[in-house]
Amino acid sequence: EDQVTQSPEALRLQEGESSSLNCSYTVSGLRGLFWYRQDPGKGPEFLFTLYSAGEEKEKERLKATLTKKESFLHITAPKPEDSATYLCAVRVEYALNFGKGTSLLVTP
Amino acid sequence: DGGITQSPKYLFRKEGQNVTLSCEQNLNHDAMYWYRQDPGQGLRLIYYSQIVNDFQKGDIAEGYSVSREKKESFPLTVTSAQKNPTAFYLCASSRDSYYGYTFGSGTRLTVV
């Protein structure tokens with residue numbers, strides 16, 4: 001069964017303290033790995049799509065990387081406005097299969 | 001601006017009632033999806049539709065029904081057969097099954 005596991009479940013960082021979120025997956029033939037950001041009470045907002053091992057994408061303080069078994073979302077010098085839940089998903093058949101997310105809190 | 005509109009934002013249902021959640025998109029996307037989100041559970045797929053007049057069950061379709069009569073619209077009905085309907089419901093669309101999603105802002109359904 002295709003699965004997506006995110007860790008840690010929750011992460012608390014001081015402003016400026018860089019860290020990484022992990023997304024490990026078990027799918028037969030990856031057809032896309034997606035990262036989303038979700039603020040409380042709102043719909044997820046698209047961040048990145050990765051398709052092949054070795055691929056990297058960046059947006060402001062965020063950088064997503066992909067290996068054959070996992071993806072990392074690196075957050076460099078985070079700010080309080082980066083606080084949110086970060087969701088990882090993989091494409092299976094005709095839909096996305098989501099992990100449970102990592103809840104990130106960045107304190108001043 | 002193009003996007004997905006879900007309504008209402010909050011919905012209250014009495015025991016035994018059916019309720020319908022609206023989802024409308026003006027992105028000209030072919031594929032649309034319904035997910036349910038519970039605390040600590042992540043997003044779970046209820047139904048999806050790749051084209052007008054066609055839809056498929058997802059992982060947790062029991063107690064739900066959908067229709068896709070227009071490309072822009074994909075309403076979800078939560079029936080009385082759904083025993084635990086209290087959740088946050090998210091609608092999404094994509095150009096086709098290869099692309100990522102654009103999500104709506106969600107509907108929070110509560111049973112009273």
Please look at Q37(B) and chain A and tell me whether the side chain, the backbone, both or neither of the residue comes under 4.5 angstrom of a heavy atom of that chain. side chain
Taking all atoms of both residues into account, what is the closest heavy-atom pair of Y35(B) and A95(A), and its distance? OH-CB, 4.0 Å
E81(A), CD: over 12 other non-hydrogen atoms inside 6.0 angstrom: yes
For F88(B) and K42(A), work out which heavy atoms get closest and say how close. CE2-O, 3.7 Å
For atom CZ of R12(A), decide whether the heavy atoms of other residues, nucleotides or ligands shown that lie under 6.0 angstrom number more than 12. no
Can Q56(B) and Y94(A) be said to form a side chain to side chain contact (heavy atoms under 4.5 Å, CB included), step by step? CA-CA 10 Å; Q56(B) 308 296 330; Y94(A) 297 107; over 6 Å; no
Joint hydrophobic cluster, L45(B) plus L87(A), side-chain heavy atoms closer than 4.5 Å: yes
Should we say atom CD1 of I51(B) is surrounded by more than 12 heavy atoms from elsewhere, each under 6.0 Å from it? no
Counting only heavy atoms not in K79(A), do more than 12 sit closer than 6.0 Å to its NZ atom? no
Report, as yes or no, whether the 6.0 Å neighbourhood of atom CD on E15(A) holds more than 12 heavy atoms from other residues, nucleotides or ligands. yes
Which answer fits L43(B), side chain, backbone, both or neither, if we ask what part of it has an atom under 4.5 Å from a heavy atom of chain A? both
Okay, Y51(A) and chain B: the region with an atom under 4.5 Å from a heavy atom over there is side chain
Counting only non-hydrogen atoms closer than 4.5 Å, does Y101(B) touch chain A with its backbone (N, CA, C, O), its side chain (CB onward), both, or neither? both
Compare every heavy atom of L90(B) with every heavy atom of P44(A), then report the nearest pair and how far apart it is. CD-CD1, 3.8 Å
